[in-house]
Protein chains: 2
Amino acid sequence: MPKQVDHAERRRHLARAVCRIIATRGLDAVSLRDVAAEAGVSMGAVQHYFKTKEDMLVFALEDVNERGAARVGEYLAAIPDAGPRDTLRGVLLQMLPVDEESREAVAVGLAFWAKAATSPRLAEHLREGYGALRDLIALLLGQSKPAPGVDAADEADALFALAEGLSSHILVGHREPATAVRIIDAQLARLLP
Amino acid sequence: MPKQVDHAERRRHLARAVCRIIATRGLDAVSLRDVAAEAGVSMGAVQHYFKTKEDMLVFALEDVNERGAARVGEYLAAIPDAGPRDTLRGVLLQMLPVDEESREAVAVGLAFWAKAATSPRLAEHLREGYGALRDLIALLLGQSKPAPGVDAADEADALFALAEGLSSHILVGHREPATAVRIIDAQLARLLP
DNA sequence: TTTTTTACCATGCGACTGCATTGTAAAACC
DNA sequence: GGTTTTACAATGCAGTCGCATGGTAAAAAA
């Protein structure tokens, strides 16, 4: 065998190149050649690590989801003594594209979301990725002593959809992050008086 | 000149073929040849009516937005004596993909929305298209005697983003329309007691 | 040392792309 | 009735695409 190589790490390296291209030039600008160039390897290397282009895209989606989950995990670990309400607020605000990293994550997510409308396979992968986040929101909401008559599951879906919609608006430049923060705070104030 | 032809009508005919392809196979499956086949014309005809592919896509976006606005207009005309609150609810529910027509509109909108993340020109077109709808929501919300402390502009943005997010979830099969209706009703109940 | 396996790289191929070009039939205009 | 203009149709072209193929260098396994 040739020089020992961390297979998974090389794949993540390529996945990040994919995400960078998606965030800057869009999903349909992703070609095997451009990914290779962006990652600084030859095209043969890309083919070596991914059997097909679709495999590469699916892996990139899983990777960006994992990184997003890791970010949320780090955030939660950094505020161990926060109450569920503040934690919930923090998690929701982390979904917004405010810096380059989160902007990229949201752009990639939106691109795949659109593609999932006509691809059941991608839709299933998205459900896996976003399900955990929605469950976390529902859990935190339930722990936050919501106002009477509040259905935790439905309201978690609502908060999730709201944050996603706001993220899209910010991403294309129609709204400012500050507006989204105000809206989310107003919503939390109504849900958790 | 050859047989007199309604130029605008022919363009709309092609635009609808574009939207059908986007809704069933995705935005990147749109090629001039496929559009021609879907519309039942030759490829030369498509080139005759649109100088470039991008022009065709932009026109298709404007057309689907116009049709959406027309639908809302018809809905409003059909319930002339409804109160602003019921009207608001009706408009929001019209944004959800419940039948084939609305599903197509949402799929096309989502596809362009994702593309707008990396295309300022498309982002501007989207803003024009969605701005009127958001203003309508804000107007209806203001007329509905909202609860004290409610910022009509922010809450219109919130309702808009919420309906959009829910629409995406329904579109990819993650949620049922009934869930979205429940969530929107709960939100309206909180805003307009 | 020989063999095998891994990690690439370079190249080529057929399919497809948007777009330009050219041709043609028909109807409005002079 | 000839001319011009419009509405297509057919074809060609350069470029790009995903993917298959074949080769090479290196290191683990024998």
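Per chain, numbering begins at 1; letters A, B, ... match sequence-line order. The basis for the numbers below is simple: all heavy atoms, side chains too, and nothing from hydrogens, waters or symmetry mates.
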Next item on the list: Give a yes/no answer on whether the side chain of B:His48 brings an N or O atom under 4.0 Å of OP1 or OP2 in D:dA7.
Entry: yes
Item checked: For atom CZ of B:Phe50 and atom P of D:dC8, their distance in whole Å -> 12 Å
Next item on the list: Give every residue pair that meets the ring pair (Phe, Tyr, Trp, His ring centres under 6.0 Å) criterion with at least one member in residues 86-114 of chain A, sequence neighbours excluded.
Entry: A:Trp113-A:Tyr130, A:Trp113-B:His169, A:Trp113-B:His174
Next item on the list: With sequence neighbours excluded, tell me which residues meet salt bridge (Lys or Arg N to Asp or Glu O under 4.0 Å) with A:Glu62.
Entry: none
Notebook entry, point to check: Do the side chain of B:Ser119 and the main chain of B:Lys115 share a donor and acceptor less than 3.5 angstrom apart?
Noted result: no
Notebook entry, point to check: Where do B:Ala107 and B:Leu171 come nearest, in terms of heavy atoms and distance?
Noted result: CA-CD2, 3.7 Å
Note to self: Could you work out, with salt bridge (Lys or Arg N to Asp or Glu O under 4.0 Å) as the rule, every residue matching B:Asp151, not counting sequence neighbours?
What the structure shows: none
Margin query: Counting only heavy atoms and a strict 4.0 angstrom limit, can you tell me which residues of residues 6-27 of chain A come near DNA chain D?
Written below: none
Next item on the list: Assign a letter to each nucleotide of nucleotides 16-21 of chain D from its 5' end: B, base within under 4.0 Å of a protein heavy atom; S, sugar-phosphate only; -, no contact.
Entry: -BBBB-
Margin query: Apply side-chain contact (heavy atoms from CB on, under 4.5 Å) to residues B:Met56 and B:Leu14 and explain how you reach the verdict.
Written below: CA-CA 8 Å; B:Met56 181 182 72; B:Leu14 292 173; 5.7 Å; no
Checklist line | Ion pair B:Glu124/B:Arg121, N-O distance below 4.0 Å | finding: no
Next item on the list: Could you note down all residue pairs passing salt bridge (Lys or Arg N to Asp or Glu O under 4.0 Å) where residues 159-173 of chain B supplies at least one of them, sequence neighbours left out?
Entry: none
